[in-house]
Amino acid sequence: MPAAALALMVMAVLAIPAVSQSATAQSEDSEGDGILRKLDMHPIVFALVHRGRIDGRVTIELTLDAQSQDDMADIRLHEPQIRSDFVTALNGLARQRFRVTDPIDPDLVVAYLTPYLNRRLGHDRAAIYVQSALIEPL
C-alpha cells in the first residue's frame, strides 16, 4: 500500500468524530437572561501530514457563541455541516501552515474558519473561540 494512501486512510480514521454524541451547551449565559448561547463542539482531531508522512496529531477544541437564541437554533440545526466544513478547512490549513515544531495560532484558526461559519449561518450570527489547539508529535 503506498504511503500516501496509508496516510489518507489514517487521516480519515482520526477525523471521524463520535457521530452519536452531540456537542454540549455550556450552562453559562452571556447576558444573564437564562438563555444558552454557547456551544462547545467535540474536539476536531486529525493527522498532520507533511511530505506524505504523518508527523503528528492535531486536536482543536472550538466553542461557538451565538448572537441570539434563534442563531443558536440554527447552529444546532447545521452543526453536522459546520463540523464537516471545519474539518475540511482545518485539514487544508494544516497542510499549508501547521508544523510539529510550531504552536498553532488561535487567531489564524478563527480567521480561517469564520468565512465557513458565515456561509452556513449568515454574516455575524456567531463567533468562534479556540479553547485549545495542540499538535502531538508522533
Side-chain angles (χ1 to χ4, degrees):
M1 181 179 288
L6 180 62
L8 287 175
M9 186 170 59
V10 170
M11 267 183 26
V13 169
L14 289 175
I16 296 174
V19 176
S20 63
Q21 300 175 353
S22 64
T24 58
Q26 291 182 344
S27 60
E28 305 170 16
D29 58 358
S30 57
E31 296 177 10
D33 56 5
I35 299 173
L36 301 177
R37 293 195 181 121
K38 292 183 181 177
L39 182 77
D40 289 331
M41 297 182 70
H42 287 289
I44 296 173
V45 180
F46 58 94
L48 179 63
V49 178
H50 184 66
R51 295 185 181 184
R53 206 179 114 223
I54 298 175
D55 285 346
R57 182 174 66 176
V58 178
T59 304
I60 298 179
E61 295 180 19
L62 302 170
T63 296
L64 302 180
D65 187 9
Q67 297 297 320
S68 70
Q69 189 61 27
D70 291 338
D71 295 337
M72 180 54 81
D74 284 345
I75 288 173
R76 289 192 183 281
L77 178 66
H78 296 290
E79 184 181 352
Q81 293 89 356
I82 292 169
R83 181 177 179 81
S84 176
D85 290 345
F86 285 0
V87 168
T88 302
L90 287 170
N91 271 293
L93 180 64
R95 280 192 298 274
Q96 298 172 8
R97 301 292 301 264
F98 294 177
R99 298 291 173 257
V100 173
T101 56
D102 299 331
I104 297 173
D105 181 7
D107 293 331
L108 175 67
V109 172
V110 169
Y112 199 79
L113 294 180
T114 298
Y116 292 91
L117 184 64
N118 288 344
R119 184 175 56 109
R120 288 287 174 194
L121 299 178
H123 190 65
D124 290 336
R125 293 184 64 197
I128 303 169
Y129 296 101
V130 177
Q131 297 299 323
S132 70
L134 304 171
I135 298 178
E136 298 175 46
L138 294 179

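By convention here, the first residue in the shown sequence is residue 1.
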Where [X] and [Y] come nearest, the two heavy atoms and their spacing:
X	Y	answer
Arg57	Leu138	N-CG, 4.3 Å
His42	Arg83	O-NH1, 3.0 Å
Ala47	Asn91	O-OD1, 4.3 Å

Derivation of the side chain to side chain contact (heavy atoms under 4.5 Å, CB included) call for Arg95 and Val49: CA-CA 7 Å; Arg95 280 192 298 274; Val49 178; 5.9 Å; no
For Asp71, the option from Arg120, Arg76, Arg125, Lys38 that meets salt bridge (Lys or Arg N to Asp or Glu O under 4.0 Å):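 Testing each of Arg120, Arg76, Arg125, Lys38 against Asp71, the sole residue satisfying salt bridge (Lys or Arg N to Asp or Glu O under 4.0 Å) is Arg125.
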Ile128/Phe86 under side chain to side chain contact (heavy atoms under 4.5 Å, CB included): CA gap, chis, key distance, verdict: CA-CA 11 Å; Ile128 303 169; Phe86 285 0; 3.8 Å; yes
Nearest 0.5 Å, what's the [atom1]-[atom2] distance between [X] and [Y]?
X	Y	atom1	atom2	answer
Ile82	Ile75	CD1	CD1	6.0 Å
Leu64	Leu117	CG	CG	6.0 Å
Leu48	Thr59	CG	OG1	11.0 Å
Tyr116	Gln81	OH	CD	15.5 Å
Asp40	Tyr129	CG	OH	12.5 Å
Asp70	Leu121	CG	CG	12.0 Å

Derivation of the side chain to side chain contact (heavy atoms under 4.5 Å, CB included) call for Val58 and Ile104: CA-CA 9 Å; Val58 178; Ile104 297 173; 3.9 Å; yes
Heavy-atom check, side chain of Phe98 versus side chain of Val109, under 4.5 Å: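 The answer is yes; the side chains approach within 4.5 Å.
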Ser84 side chain vs Pro80 backbone, donor-acceptor pair below 3.5 Å: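 Looks like no, no N/O pair under 3.5 Å.
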SB check Asp105 Arg97 (cutoff 4.0 Å):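 So Asp105 does not pair with Arg97 through a salt bridge.
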Phe46 with Val100, same ILVMFWY side-chain cluster at under 4.5 Å: yes
In one Ile/Leu/Val/Met/Phe/Trp/Tyr side-chain cluster, 4.5 Å: Leu108, Val110: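 As far as the 4.5 Å side-chain criterion goes, Val110 and Leu108 are connected within one cluster.
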Arg99 atom CZ: more than 12 heavy-atom contacts under 6.0 Å: yes
